[in-house]
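All values reported here derive from a predicted model rather than from experimental measurement.
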Amino acid sequence: MSSNRKIAVVLKGYPRLSETFIAQELLGLERAGHELVLIALRRPTDLKRHPVHDEIRAAVHYLPEYLRDEPGRVLRALFRSAPKAGFWRALGPFLRDLLRDRTRNRFRRFGQALVLFAEWPGDPGWLHAHFIHTPASVTAYASLMAGVPWTCSAHAKDIWTSSDWELSEKLGRARWTVTCTRTGFEHLKGLTDAKSRVHLSYHGLDLARFPVFAGDHSNRDGSDPDDPVRIVSVGRAVAKKGFDVLLKALSLLPPDLNWRFDHIGAGDLTKELRVLAGELGLAERVCWNGALDQKDVLARYRESDVFALACRIAADGDRDGLPNVLVEASSQRLACVSTAVSGVPELLEDGENGLVVPPEDPRTLSVALELLIRDPDLRRRLGAAAEMRVRTAFDHQSSVRQLIGLFQDEWRQVP
């Protein structure tokens with residue numbers, strides 16, 4: 001089969017504002033001549049979309065998010081699939097998985113795979129899952145049903161909240177798996193004997209959308225109440241982002257410092273964080289902007305003085321990989337402070353191109369913030385070094401080329 005084999009990309013949801021790294025990869029594959037069809041397990045919940053989403057030509061096919069919502073569609077898929085050998089080929093692995101994971105979610109993933117197999121939109125010749133948890137479950141079952149090979153991109157939460165047995169079996173079933181941080185890469189390699197089929201591939205950044213900032217960041221040093229230092233953070237209001245830690249760190253800053261904090265992003269914890277900001281006496285200094293599109297986010301990076309993100313490992317094991325927003329902010333020479341979690345130290349080296357502090361430590365984070373607020377020369381030095389690192393090592397074209405090479409190697413081998 002030719003290198004033009006159509007790829008069905010299975011996604012948890014599409015489009016999503018927080019997953020620009022996936023969108024830029026999809027566009028890169030299309031621009032390289034690969035035909036895609038997108039399979040989403042849920043419909044979009046974001047009210048906005050990035051410009052990159054409008055440039056992607058692939059058709060989007062939505063599976064039932066909950067089987068109970070579309071029972072007729074699910075039953076039709078079952079009746080069409082049950083007489084076929086592929087259904088029975090997938091049923092055994094599903095039942096074995098169910099014995100170890102007796103949840104409604106497990107039934108849902110098999111039902112979604114049935115619908116995908118029965119409808120088979122676009123007649124793809126390859127399956128690729130983004131995220132190794134639920135999308136990869138649907139993909140693995142559909143692969144068995146259709147007799148079509150599959151591959152996978154693993155990221156962060158999907159790795160760290162999945163059982164080792166399930167990760168190990170998926171790594172064995174997939175033709176190959178890529179992941180975006182060295183910590184995730186080493187973890188996955190340790191769960192499979194087929195270590196050569198696990199690859200490290202940083203997402204990188206579409207530098208055409210984040211061009212060199214021709215202006216200058218300010219000389220603000222926190223001394224002028226009429227011109228406070230501008231601190232910004234971008235991320236969903238969820239536990240792993242550590243915004244409660246960041247607010248506590250801001251509350252520990254000396255009272256003589258003048259600063260303002262902008263949060264960009266939506267999320268379930270927004271109301272709680274607003275309450276916390278009020279309890280800490282920060283309400284008048286904090287602005288909650290909600291979700292913004294990529295162009296507006298870029299403008300905020302350029303207007304700001306400091307980018308802060310207090311990543312942590314959440315109680316359920318969820319954590320960031322390498323937050324794309326750190327790469328974006330660095331591309332605009334914006335001095336960054338973050339925590340030593342997952343892939344953050346793979347981008348930022350403390351004191352060289354950013355400041356890196358321990359997670360869950362508001363006091364140390366506050367000290368780092370004060371250092372950046374008071375010293376615009378330090379901000380310029382760290383920001384310039386961070387931009388150099390991004391533009392030499394985190395261009396997303398490298399990741400796209402790597403993926404294309406992996407696909408083409410497989411297509412030469414798989415009939």
Side-chain angles (χ1 to χ4, degrees), residues 16-21 23-24 46-53 205-222 224 226-238 241-243 246-247 249-250 258-267 269-270 273-274 277 282-311 320 322-338 344 347-348 353-355 365 368-369 372-373 376 379-380 382-384 386-387 390-391 394:
R16 302 184 75 182
L17 284 175
S18 61
E19 294 176 359
T20 52
F21 56 93
Q24 69 184 20
D46 297 318
L47 299 178
K48 298 183 178 182
R49 51 195 284 140
H50 294 305
V52 64
H53 293 126
L205 194 65
D206 184 347
L207 297 176
R209 297 182 194 276
F210 290 85
V212 172
F213 176 34
D216 293 311
H217 289 289
S218 82
N219 285 314
R220 302 179 187 107
D221 62 6
D224 186 351
D226 295 324
D227 191 18
V229 167
R230 301 183 63 172
I231 304 166
V232 67
S233 192
V234 182
R236 290 176 298 128
V238 294
K241 300 296 183 180
F243 287 117
L246 180 54
L247 290 173
L250 291 169
N258 296 284
W259 54 268
R260 172 183 137 189
F261 173 60
D262 276 290
H263 173 263
I264 298 171
L269 297 182
T270 301
L273 292 170
R274 283 176 176 266
L282 304 178
E284 293 186 359
R285 293 188 175 204
V286 177
C287 180
W288 305 94
N289 295 275
L292 299 178
D293 68 25
Q294 203 170 59
K295 290 181 179 178
D296 290 336
V297 172
L298 176 61
R300 296 300 178 95
Y301 290 146
R302 292 176 169 183
E303 295 166 358
S304 299
D305 302 300
V306 176
F307 184 91
L309 192 65
C311 303
D320 274 306
L322 173 53
N324 230 45
V325 291
L326 279 173
V327 185
E328 292 173 359
S330 295
S331 78
Q332 301 305 300
R333 299 199 318 275
L334 184 57
C336 297
V337 56
S338 191
V344 172
L347 170 68
L348 299 180
N353 64 350
L355 298 182
L365 178 56
L369 284 166
L372 291 174
I373 289 170
R379 297 198 302 263
R380 272 191 286 274
L382 296 177
E387 182 188 26
V390 165
R391 296 194 181 276
F394 286 88

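Within the 4.5 Å cutoff, the side chain of Asn219 has heavy atoms near those of the Arg380 side chain. A heavy-atom distance below 4.5 Å is found between the side chains of Arg379 and Ser218. Contact of the Arg391 side chain with the Val212 side chain is registered, since non-hydrogen atoms from C-beta on lie closer than 4.5 Å. In this structure the side chain of Val327 never reaches within 4.5 angstrom of the side chain of Phe21, judged on heavy atoms. Looking at heavy atoms from C-beta onward, Val286 lies in side-chain contact with Leu247 at the 4.5 angstrom threshold. Using a 4.5 Å heavy-atom cutoff, the side chains of Leu334 and Val232 are in contact. Looking at Leu369 and Leu246, their side chains come closer than 4.5 Å, going by heavy atoms from C-beta outward. Using a 4.5 Å heavy-atom threshold, the side chains of Phe261 and Leu282 count as separate.
How far OG of Ser331 is from CD of Glu387: 7.0 Å, rounded to the nearest 0.5 Å. Here the straight-line distance linking atom CG of Leu326 with atom OG of Ser338 works out to 4.5 Å at 0.5 Å rounding. For the atom pair SG (Cys287) and CZ (Arg230), the distance works out to 9.0 Å, reported to the nearest 0.5 Å. Considering CD1 of Ile231 and CZ of Phe307, their distance stands at 12.0 Å, rounded to 0.5 Å. Here the straight-line distance linking atom CG of Leu273 with atom CH2 of Trp288 works out to 4.5 Å at 0.5 Å rounding.
Note on ring orientation: taking the six-membered ring where Trp is involved, the planes of His53 and His50 are parallel (angle under 30°, cut-offs 30° and 60°).
Here the closest non-hydrogen pair linking Val344 and Pro323 is CG2-CD, 3.9 Å. For the pair Ser233 and Leu309, the tightest heavy-atom approach, listed with the atom from each and the gap, is OG-CD1, 3.5 Å. Nearest heavy-atom pair across Val229 and Gly222 is CG2-N, 3.4 Å. Minimum heavy-atom separation, Phe243 to Val234: CZ-C, 4.4 Å. Closest of all the heavy-atom pairs between Asn353 and Ala386 is O-CB, 3.4 Å. Here the shortest heavy-atom pairing between Asp206 and Gln24 reads N-OE1, 3.2 Å.
Checking each of His217, Glu328, Arg333 against Tyr301 for a side chain to side chain donor-acceptor pair (under 3.5 Å) leaves exactly one that passes, namely Glu328.
Salt-bridge check for Asp293 with Lys48: failed, with every basic side-chain N at 4.0 Å or more from each acidic carboxylate O.
Side-chain atoms of Thr270 do not come within 3.5 Å of backbone N or O of Ala266 as any donor-acceptor pair. Of the possible polar contacts, none joining the Gln294 side chain to the Arg49 backbone as a donor-acceptor pair under 3.5 Å is found.
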